[in-house]
Amino acid sequence: MIRTALLVAGKDLRIERRSRVLLWQVLPFGVMGLVLSGLALGPTHAGHSSAGPGLFYLVMLLVTLLMINRSRVIEGSVGTRTSVATLGLDPAGVFLGKALALAVELWVTGAVLLAGAVLVLHTALVGTLQALPSVVVILAALAAAGTLYGALSGGGQGPATLLPVLSLPAFAPLLIAGERSFSASLHGGGLWQWWVISIVALAAYLAVGILLYGVLEDS
Amino acid sequence: MIRTALLVAGKDLRIERRSRVLLWQVLPFGVMGLVLSGLALGPTHAGHSSAGPGLFYLVMLLVTLLMINRSRVIEGSVGTRTSVATLGLDPAGVFLGKALALAVELWVTGAVLLAGAVLVLHTALVGTLQALPSVVVILAALAAAGTLYGALSGGGQGPATLLPVLSLPAFAPLLIAGERSFSASLHGGGLWQWWVISIVALAAYLAVGILLYGVLEDS
Amino acid sequence: MKLLSQRLLGPVTLALLGLTFWLGLWVTPPDKAQGNLARLVYVHPAVAWVALYVSFGTATIASALYLWQRTRSMVMDRVAHCAMEVSVVFILLTLITGSIWGRPTWGVWWAWDARLTSTAILGVFALAYLALRRANDDPDLRARRAAVFAILAAINVPIIHFSVQWWKTLHQGATVFTSNRQLLIHGLMAWTLLISFLAFTLLFFWLLRARYRLEVLRSERYDVFVAEALAQRRREGVR
Amino acid sequence: MVTLRDAVVLVGGFPLLSGLNLELEAGTLSVVTGANGAGKTSLLRLIGGLVGLTSGSGRVSDIDLATGDLRELRRRVGWLGHEGSFYDDLSANENLAFAAKALARPTNEIAGVLDRVGLTSRASMPAKLLSAGQRRRLGLAWILLRRPALWLLDEPYASLDDEGRTFFDQLVGDVVESGATVLVSAHDPLRSSTLHPRTLTLAGGLVVGDRS
Amino acid sequence: MVTLRDAVVLVGGFPLLSGLNLELEAGTLSVVTGANGAGKTSLLRLIGGLVGLTSGSGRVSDIDLATGDLRELRRRVGWLGHEGSFYDDLSANENLAFAAKALARPTNEIAGVLDRVGLTSRASMPAKLLSAGQRRRLGLAWILLRRPALWLLDEPYASLDDEGRTFFDQLVGDVVESGATVLVSAHDPLRSSTLHPRTLTLAGGLVVGDRS
Ligand code: HEM
Ligand SMILES: Nc1ncnc2c1ncn2[C@@H]1O[C@H](COP(=O)(O)OP(=O)(O)OP(=O)(O)O)[C@@H](O)[C@H]1O
Ligand SMILES: Nc1ncnc2c1ncn2[C@@H]1O[C@H](COP(=O)(O)OP(=O)(O)OP(=O)(O)O)[C@@H](O)[C@H]1O
Ligand SMILES: [Mg+2]
Ligand SMILES: [Mg+2]
C-alpha cells in the first residue's frame, strides 16, 4: 500500500512539477482570491484582522476544488484509465498517494497564502505561526476528503461541476473548525476542541478512503 | 454574424439542457456557496444585510468561472475543434453566441441566488428588486468577459486552472461596480456612476470580443 | 549616432540615478511633517510612474502594434514580453516602496485603499500575462493571445490613476502634477523630483534593452537548434 | 489545387515537416503513405489550414498559406481525423443539423446522408455512445453533407468494417469524378481496383516517393 | 481460459452483448470480427473485467466475472484500446517506468522494450506529442513490459505502419508460443501466414460465426 502510495504521489507531483500549474496558475489565483475577497468585503470589514482566518480558508477551499479537478484531469482519458486499471493498483494506495500529492500542493499554497494574509490582511504574525500545526492538519484533511469526493464525482474529464456540490457540505465542518482554531490562536480562546475535530476528521477521511476508495473507482 | 450567434447559442443551451449541469450541479453549488460564505464570515458579519451584495457577487463570480469552464469543455476534444474549424464559422458570431448562452445561464443562476440572498442573508427585498437591472447588465458583462478569457486561456480541455488567474483581475472592477450599485440600491446613495461603469464595461467587452475573438482561437 | 546613444544609455542612467540619490539624500532638506521619510518622494512616484505608464505602456503599445496587421512582427511581441517582465519588477518596487512609506505614515504596511489594491491587481495582471505566455507553445498563437491580454489589462491603468479621485481614500492625491499644471513643490525639490523621473525612466529603457538583447540571443540559439532539428528530422527519412 | 515549396512546419521547435515540396492537381486522388511519425497527419493539417506554415511557401485552392485567409481555406476543406469530429453530447442528427445550418445548407439532406453511412438506427443517440467505426461513419457523414472541394482524410480505413470500406471507396470514386480533390493518408492500399491513385511516400517530413 | 454463458452486458439500458456464448482455450490466438457496432469492443472489455456482467455467467482465468475479484483479473490482462493508454504528460520512458514499478518489475527492461517497438528516438518526449501510430506502439510497449497471461487487443492494426504490423504479427506469434492467450479484434485478416487464428464473427452482440 505504502509503495503504491509513494508511486502514485510521485507520478502526480512529477506531472505537476513538469506543467508548473501550481506555481503559475494556482498560486497567483490564491493571492488574487485573497486580494479580491478583501475588496468584496469592502475596506471596513477587510481592514479587520478578524476576517483573516475566514478568508484564508475560503480561498484555500477554492484552491482545493481547483486542485482536485486538476488531480482528476491528469488521470487522463478513458483509454488511459482503462490501461491503468489493468495495472491492478491497490486502491488504498492510490487514494493515499493522490491525497498525499494533493496535501503537498495545498501545504505549499497554504504557506504562501498565510504569508499573504499576514502582509495584506494584517493577520498577527505570532498567532499565525501558532495556528500553523492546525492549518497543516486541516489542509491534509481537505486533501483526503477532496480526493475521496473527486473519485465520487466520477473520474477523468467528467463533469467537473459536480464536484463542488458534492464536496462543499463535507468541507464546511473542516472550514469551520479551521477558521475557529485559527481565530482562537489569534485572539486566544479554547483551542483543543477544534484540534480534536480536525484530527478526527483527518483520521476519518483517511480511514474511509483507505477502506472504500476501491468501491468508488469506475468498475 | 447574428445567425451564427443564434446557432452557437442554441447549440450550447441545448447541450446544457440535455446534461442538466446547471440545474443539478451549478445551482446547488451557488446556494451552498452563499450559505458557506455566510458561515466563513461568522455570525456577526453575515447577519448584516450589508454583506449580501458582496457575497452575492462573490458567489456569482465562482459560478461564472465554473460555467466558462463548462462552456469550453462542451466544445470537445481536439478532433471536434478541428472539424468545427472547417465549418469556418464567423468568430464574432461564435463569440456572441457563446456569450449569450453563458449570460442566459448566469441570469438563471443569479435569479435563484438573489432569492437565496433575500431569504438567507436578510437582504432587503425592495432594494434587491431595484438592483435587478444592474445585476442583469453586470452578469451580461461577466458573460462577455468570461467568454473572452475562456478563449484566451486556451480552448478545449486545456489547463482549466489558467482561467481564474487570467480573468479574476478583469472581473474585479465588475465585481466592485456590481457590489456598489447593489449596496446603493439597498441603502440609497449615488447610483449613476456604477451604471456608467457597468454599461461601459459590457460594451467594451462586447466590442473587444467581436473584434478580437478570431485572433484568440487556435490557428 | 544610434550606436553612440546606445552606448551612452547605461552610463547616463547610472549617472542620473546617482545624482538623484545624492540630491535626494543629502542636498534637499527634510520635510517639515514627515522628516527624512519624505525623501521617498524621490523614489516612489518615479518608480510608480515607470511601472504604470512607461513599462506597462510600452508593453501595451507593442501589443497593439502586433495585433495591427500592418505592423505585425515578432519584434513587437518580443518588446511586449520584455517590457512586461520589467514591468513586474517596477510594480513590485512600487508596492515595496509604497509599503515602506505607508508603515510610518498610515501605521500599516497595507490598506484596502483603491490605488493600492488596483496597483496590486495590475501586478497580478502582469504575472498572469507571463503565465499565459508559458501556457502556449505555438509562438504565433502565444503572441496573439498575449497581445490581446495585455490590451485588456491596460484598462486597469487609468483606473489606478483616477482611483484617488473616484474613491476618496488614504493614498496621496495628485501632488506632483496638479490639474492647473502648477508644481506644488518648488525649487530644488522639484528639480530633484524631475531628475528622479528621468533617471528611473532611463533605467527602464536600459533594462528593457538588456532583456531584449537576451531574447535576441535566445532566438539565435533557437535558430541553431532548429537547424539541427531539421537536419535530424530529414535524416529520419533516409534510414 | 495544392502547391507546397520547401514547406517547413515547426511545433515546439520540432519540425513536423522539414522542407516538403508537393504539387496536387484539382480533381485527383492521392494517397500519402509512410512510416509512423513520417508526417502524414501534419501534411494534411498544413494543407487544411489547421496549422501554420513556419517557412517556405504554399498555396491551396488559390489561398496563400502564409498570408491568406486560413479561415476561408478551412471552409473549403472536409476533414476526417483520427479522433471524433463532432459534439459528443449531441446526437448524430443534431450534429449534422449544426453543420448544415452553419454552412447554410438545407437540413433535409441529413436523413439521406445518415442512411448512406448506415447510421439511421443510431441517429438520435448521443455521439459519445457510438462505437469506433460508427464514429468514423459519422465523421464521413459530416463531410458528405458539406461536399467540399478538397477532402483531407486521415486513415479513413481505420476501424471501418468491410462494408464501410467498400462504401468509402465508392464514395471517393464519385467525389473525384465530380471534380473534387481528395488526399488520403493510409497504411493499407485502397482496395478498389477502379481507383488509380497517385501514391506519395513520406519520410522524415519530406516526400521521398511519388508513384502514379 | 475464457468461458462465457449467455453473457448480457447492459449499459444505460442498451444491451452491448445480448446473451453471448464463448469458450477460449489457454495459449490460443483468436480474432473477433464483425460489422461496426457488433459488440467487439464490448466483448473485449467484458473479458478484461473492465465492464460488469449484467446477467449470464462467465469465468476468465479462473475468476468468476459475476462474483470474483475483477481487480485481480485486470492485473492479469494486457489491454490495447482505440485510445491512448498512458499519461499524456509523461514521456514514454516515464510511463513505462510507472507501469513497471506498479507491477514490481525491473525497470531496466524499459530501454529494450522501447527499442523493440521502435520508439527509442521518442523516449523522452511527452506522450501527447506522439503520432497516432507511435501511440499505438507505446501501447504495445506497455503490454510487452508486463507480459500478461491474457492479451486483449482492440484493432491493433489501426494506424500501425507496415513494419509495425509485421512486428506485431511476430510478437503475437511469440506470445502465443510462450503460452499466453491472445484475443484480437480486427477488420483486416492478420497478414502473417504462420499464424492460424480462430476467427469469431460477432453481430448484434452475439457470436454468429466461428472458424478455425
Ligand atoms: C503599498 C502602498 C502604495 C502603493 C501601491 C502606491 C502606488 C502608487 C501609484 C501606482 C502611484 C502612481 C499614480 C499615478 O501616477 O497615476 C503612486 C504615486 C504616488 N504615491 Fe503612492 N503608493 C503607495 C503608498 C504611498 C504612500 C504611503 C505615500 C505617501 C504618504 C505615497 C505617495 C505617493 C505620491 C506623492 C505619489 C505621486 C502622486 C501623483 O503625482 O499623482 N504612496 N503611488
Ligand atoms: N514537440 C515535438 N518534439 C519532438 N517530436 C515531435 C514533437 N511534436 C511532434 N513530434 C513528432 O512529429 C511527428 C508527427 O508526425 P505525424 O503525426 O504527422 O505522423 P504521421 O505520419 O501522421 O504518423 P502516423 O502514421 O503514426 O499517424 C512524430 O514523429 C512525432 O513524434
Ligand atoms: N446507451 C446506448 N444506447 C444505444 N446504443 C448503444 C448505447 N451504448 C452503446 N450502444 C451501441 O452499442 C454498440 C457498441 O458496440 P461496440 O463498441 O462493442 O462495437 P464494435 O464491434 O467494437 O464496433 P466497431 O467496429 O465500430 O469498433 C454500438 O452499436 C453502439 O451504438
Ligand atoms: Mg497520423
Ligand atoms: Mg470497437
Side-chain angles (χ1 to χ4, degrees), chain B residues 54 78 81 85 91 95 141 144-177 179-180 189-190 192-194 196-197 200-219, chain C residues 56 60 63-69 72 77 88 91 112-163 165-169:
Chain B
V78 187
R81 279 177 291 134
F95 165 75
T147 307
L148 208 56
Y149 282 98
L152 255 179
S153 68
Q157 276 137 345
T161 32
L162 184 57
L163 176 67
V165 193
L166 292 184
S167 58
L168 275 187
F171 288 169
L174 286 176
L175 201 71
I176 299 173
E179 196 260 342
R180 293 295 148 91
W192 65 268
Q193 66 266 53
W194 307 117
V196 172
I197 291 182
V200 165
L202 173 59
Y205 278 119
L206 283 180
V208 172
I210 288 175
L211 288 177
L212 294 181
Y213 194 75
V215 173
L216 300 178
E217 291 178 320
D218 331 51
S219 63
Chain C
F56 219 90
T60 311
S63 298
L65 287 178
Y66 180 84
L67 283 181
W68 196 32
Q69 278 290 346
R72 178 168 298 186
D77 180 53
V88 170
I91 292 173
W112 288 107
D113 166 271
R115 172 166 283 175
L116 273 56
T117 313
S118 49
T119 309
I121 289 178
L122 193 73
V124 180
F125 260 122
L127 279 180
Y129 175 92
L130 299 181
L132 177 64
R133 290 193 73 94
R134 288 188 59 96
N136 288 284
D137 290 335
D138 179 26
D140 184 46
L141 190 62
R142 183 210 295 143
R144 282 184 280 142
R145 286 191 172 152
V148 172
F149 184 71
I151 287 177
L152 285 173
I155 300 171
N156 227 11
V157 172
I159 294 183
I160 299 180
H161 179 74
F162 290 113
S163 59
Q165 290 158 37
W166 291 346
W167 295 268
K168 296 208 162 36
T169 42

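Numbered from 1 within each chain, the chains take letters A, B, ... in sequence-line order.
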Problem set entry | C/Ile151 portion near chain B, given a 4.5 angstrom heavy-atom threshold |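 Contact with chain B is absent: no heavy atom of C/Ile151 under 4.5 Å.
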Exercise. Out of C/Leu152, C/Leu122, C/Leu127, C/Asn136, which one racks up the most heavy-atom pairs below 4.5 Å with chain B?
Worked result: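 Answer, by heavy-atom pair count under 4.5 Å with chain B: C/Leu152.
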Exercise. What pair of heavy atoms forms the shortest contact from C/Leu141 to B/Val215, and how long is it?
Worked result: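 That would be CD1-O, 4.5 Å.
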Problem set entry | Pairs meeting criterion salt bridge (Lys or Arg N to Asp or Glu O under 4.0 Å) with involvement of residues 120-135 of chain C, two or more places apart |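 For residues 120-135 of chain C: C/Asp77-C/Arg133.
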Problem set entry | Check: B/Leu216 main-chain N/O paired with C/Arg145 side-chain donor or acceptor under 3.5 Å |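 Such a contact is found between C/Arg145 side chain and B/Leu216 backbone.
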Exercise. How many angstroms lie between atom OH of C/Tyr129 and atom CG of B/Leu166, to the nearest 0.5 angstrom?
Worked result: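 Answer for the OH-CG pair, C/Tyr129 versus B/Leu166, is 12.0 Å.
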